[in-house]
Amino acid sequence: MKRADLHTHTTASDGLHKPSENVRMAAEAGLSAIGITDHDTVAGLNEARQAAKTYGIEVVPGVEISTAQDGQDIHILGYYADDRDRVFLARLASQRRVRDSRNELIVAKLNELGVSLSWETVLDAAGRDRGPDETVGRPHIAEAMVRIGAVGSLQEAFDRYLAEGKPAYVLPPRIAPAEAIAWIHEAGGAAVVAHPGLYGADEAVESLLRDGFADGVEAYHSDHTAEDERRYAAMAERYGVIATGGSDFHGERKGRVYHGPIGWRSAGADVVHALRERAKDRRAARLSDSPAGGGIASD
Ligand code: AMP
Ligand code: FE
Ligand code: FE
Ligand code: ZN
């Protein structure tokens, strides 16, 4: 049966492999489609689409937007949004500005805590050849901390400093999940609540599905237990939304594949189809809403 891994990261954010490499690995894993869902950027999509032709599989264009509700980080996945939509691109750029200043605050906190890390070292860890639309994240900061010998592993960097509740954690001003969902819809995409099992906030997740905002929920994820998967699949069923799945592959860092290898979690071809149809509906709605009224008069 045809399977799609709908959640992977590349060098456009905090993944270790180029978009074309993710596509190649997905083809080698026998998948028929792969989602490219970088944090707050669509910079990896064109390369992935190009590679899709070479490797004969389908790329599901995506993005993973950082939001927060009641102090809890919540990630929203967007599929098939128009990645040339100027408003959407400007919104993602504003997310990256928030992220950049958050990163600087984290480095400042680390310095206060006696970890003398420079921003330059973080940039080195992230790769000097990064494009302006590519995002820097906590894994790069963790990598830089390993490089200067402040910690022995990435996990130690998160456990001692960077994870929620740790001394160098910074929660920046974030948009609400419903706002990210609206951005995705306005760009003609389908919105999915990412890895709900990581939040410990089922009420919040449920309200995003129930109140008709989100188009789906990522029931299958590398860090979900079997019980999580059953619970979220049932929740999707209850609210008539799409149950998606993906590995959240970031590559292998220091012997650990975070969150899981490509294809570790996946969804069926029917799910890809449903997401595409949902996005089509969103695009149609967008056209009929536009002042030009292009939806009816013209074809
Ligand atoms: P950011 O978006 O910059 O806040 O970074 C969040 C990212 O950090 C997640 O998408 C993961 O890639 C990574 N991450 C979060 N927690 C851990 C952890 N305990 N170990 C390794 N990576 C982590
Ligand atoms: Fe990440
Ligand atoms: Fe995430
Ligand atoms: Zn992710």
Side-chain angles (χ1 to χ4, degrees), residues 5-17 22 34-42 44 60 62-68 71-79 92 95-107 109-110 122-123 125-126 130 134-146 151-166 168-175 177 180 191-199 201 205 217-218 220-224 244-262 264-265:
D5 181 340
L6 290 170
H7 191 159
T8 75
H9 293 266
T10 77
T11 46
S13 65
D14 56 0
L16 287 178
H17 299 276
N22 278 26
I34 178 172
I36 302 292
T37 52
D38 279 303
H39 297 288
D40 298 320
T41 184
V42 290
V60 177
V63 64
E64 182 174 23
I65 301 181
S66 297
T67 77
Q72 169 68 52
D73 271 306
I74 294 188
H75 289 174
I76 302 294
L77 294 159
Y79 295 105
L92 293 180
Q95 287 283 101
R96 294 193 294 271
R97 282 193 295 276
V98 168
R99 176 178 274 283
D100 288 345
S101 37
R102 189 251 355 216
N103 289 342
E104 283 171 26
L105 286 175
I106 293 176
V107 171
K109 276 203 172 183
L110 285 170
V122 176
L123 281 184
R130 304 185 74 70
E134 299 181 327
T135 57
V136 176
R138 277 183 286 165
H140 299 125
I141 298 176
E143 171 71 34
M145 291 170 76
V146 172
V151 288
S153 68
L154 272 106
Q155 197 53 51
E156 188 187 341
F158 273 92
D159 292 348
R160 282 180 56 199
Y161 296 99
L162 303 174
E164 265 178 73
K166 300 302 172 187
Y169 180 76
V170 178
L171 180 67
R174 291 247 190 254
I175 59 167
V192 172
V193 181
H195 42 61
L198 304 192
Y199 308 141
V205 171
V217 61
E218 190 177 46
Y220 308 95
H221 181 272
S222 295
D223 292 345
H224 281 181
T244 73
S247 63
D248 209 351
F249 175 74
H250 282 68
E252 178 178 322
R253 281 188 163 99
K254 318 271 178 210
R256 183 161 171 246
V257 185
Y258 196 83
H259 295 251
I262 286 189
W264 194 242
R265 289 292 181 278

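Nothing here was measured: the structure is a model prediction, and the numbers come from that model. All ligand and atom numbering here is 1-based and tracks the order in the structure. Just so you know, these numbers use all the heavy atoms, side chains as well, and skip hydrogens, waters and symmetry mates.
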For [atom], which protein heavy atom lies nearest, and how many Å away is it?
{"atom": "atom 2 (O) of ligand 1", "value": "Arg99 NH2, 3.0 Å"}
{"atom": "atom 12 (O) of ligand 1", "value": "His250 NE2, 2.8 Å"}
{"atom": "atom 13 (C) of ligand 1", "value": "Pro139 CG, 3.6 Å"}
{"atom": "atom 6 (C) of ligand 1", "value": "Arg138 NH2, 3.6 Å"}
{"atom": "atom 19 (N) of ligand 1", "value": "Gln155 NE2, 3.3 Å"}
{"atom": "atom 16 (N) of ligand 1", "value": "Tyr258 OH, 3.3 Å"}
{"atom": "atom 7 (C) of ligand 1", "value": "Asp14 OD2, 3.5 Å"}

Does [X] reach the main-chain N or O of [Y] with its side chain, forming a donor-acceptor pair under 3.5 Å?
{"X": "Thr8", "Y": "Gly35", "answer": "yes"}
{"X": "Thr67", "Y": "Ala180", "answer": "no"}
{"X": "Tyr79", "Y": "Val63", "answer": "no"}
{"X": "Asp38", "Y": "Thr10", "answer": "yes"}
{"X": "Arg99", "Y": "Val136", "answer": "yes"}

**Prompt:** Backbone, side chain, both or neither: what part of His9 comes under 4.0 angstrom of ligand 1, heavy atoms only?
**Reply:** neither
**Asked** Under 4.0 Å from ligand 1, counting heavy atoms only, is it the side chain of His39, its backbone, both or neither?
**Response** side chain
**Item:** Ile106 and Leu162, any side-chain heavy atoms less than 4.5 Å apart
**Value:** yes
**Prompt:** Below 4.5 Å, heavy atoms only, C-beta onward: do Asp40 and Glu64 meet side chain to side chain?
**Reply:** no
**Prompt:** Taking it one step at a time, do Tyr220 and His7 satisfy side chain to side chain contact (heavy atoms under 4.5 Å, CB included)?
**Reply:** CA-CA 10 Å; Tyr220 308 95; His7 191 159; over 6 Å; no
**Asked** Is the distance between the ring centroids of His39 and His75 less than 6.0 Å?
**Response** yes
**Item:** Ring centers of His221, His259 separated by less than 6.0 Å
**Value:**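 Ring centres of His259 and His221 closer than 6.0 Å.
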**Item:** Around the Zn ion (ligand 4), number of protein N/O/S atoms which are nearer than 2.8 Å
**Value:**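 Atoms of protein N, O or S type lying less than 2.8 Å from the Zn ion (ligand 4) total 4.
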**Derivation of the side chain to side chain contact (heavy atoms under 4.5 Å, CB included) call for His224 and Arg265** = CA-CA 10 Å; His224 281 181; Arg265 289 292 181 278; 5.7 Å; no
**Item:** Nearby protein N/O/S atoms (those under 2.8 Å) for the Fe ion (ligand 3), with water ignored
**Value:** Glu64 OE2, His75 ND1, His195 NE2
**Message:** Looking at every non-hydrogen atom in both residues, tell me the closest pair between Pro173 and Val98 and how far apart they are.
**Reply:** O-CG1, 3.5 Å
**Prompt:** What's the shortest heavy-atom distance between Pro261 and Ser247, and which atoms?
**Reply:**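 Between these two residues, the closest heavy atoms are O-CB, 3.2 Å.
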**Request:** Assess whether side chain to side chain contact (heavy atoms under 4.5 Å, CB included) is satisfied between His195 and Asp223, documenting all intermediate values.
**Result:** CA-CA 8 Å; His195 42 61; Asp223 292 345; over 6 Å; no
**Message:** List ligand 1 atoms under 4.0 Å from Arg102, heavy atoms only on the residue side.
**Reply:**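 Near Arg102, meaning under 4.0 Å from one of its heavy atoms, ligand 1 has 1 (P), 3 (O), 4 (O).
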**Item:** Under 4.0 Å to a heavy atom of Gly137 - the qualifying atoms of ligand 1, by number
**Value:**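 With Gly137 as reference, the close atoms of ligand 1 come out as 3 (O).
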**Request:** Verify ring-ring contact (aromatic ring centres under 6.0 Å, His included) between Phe249 and His17, making sure each step is shown before the conclusion.
**Result:** CA-CA 10 Å; Phe249 175 74; His17 299 276; 5.7 Å; yes
**Asked** With a 4.0 Å cut-off on heavy atoms, does Ala163 reach ligand 1?
**Response** no
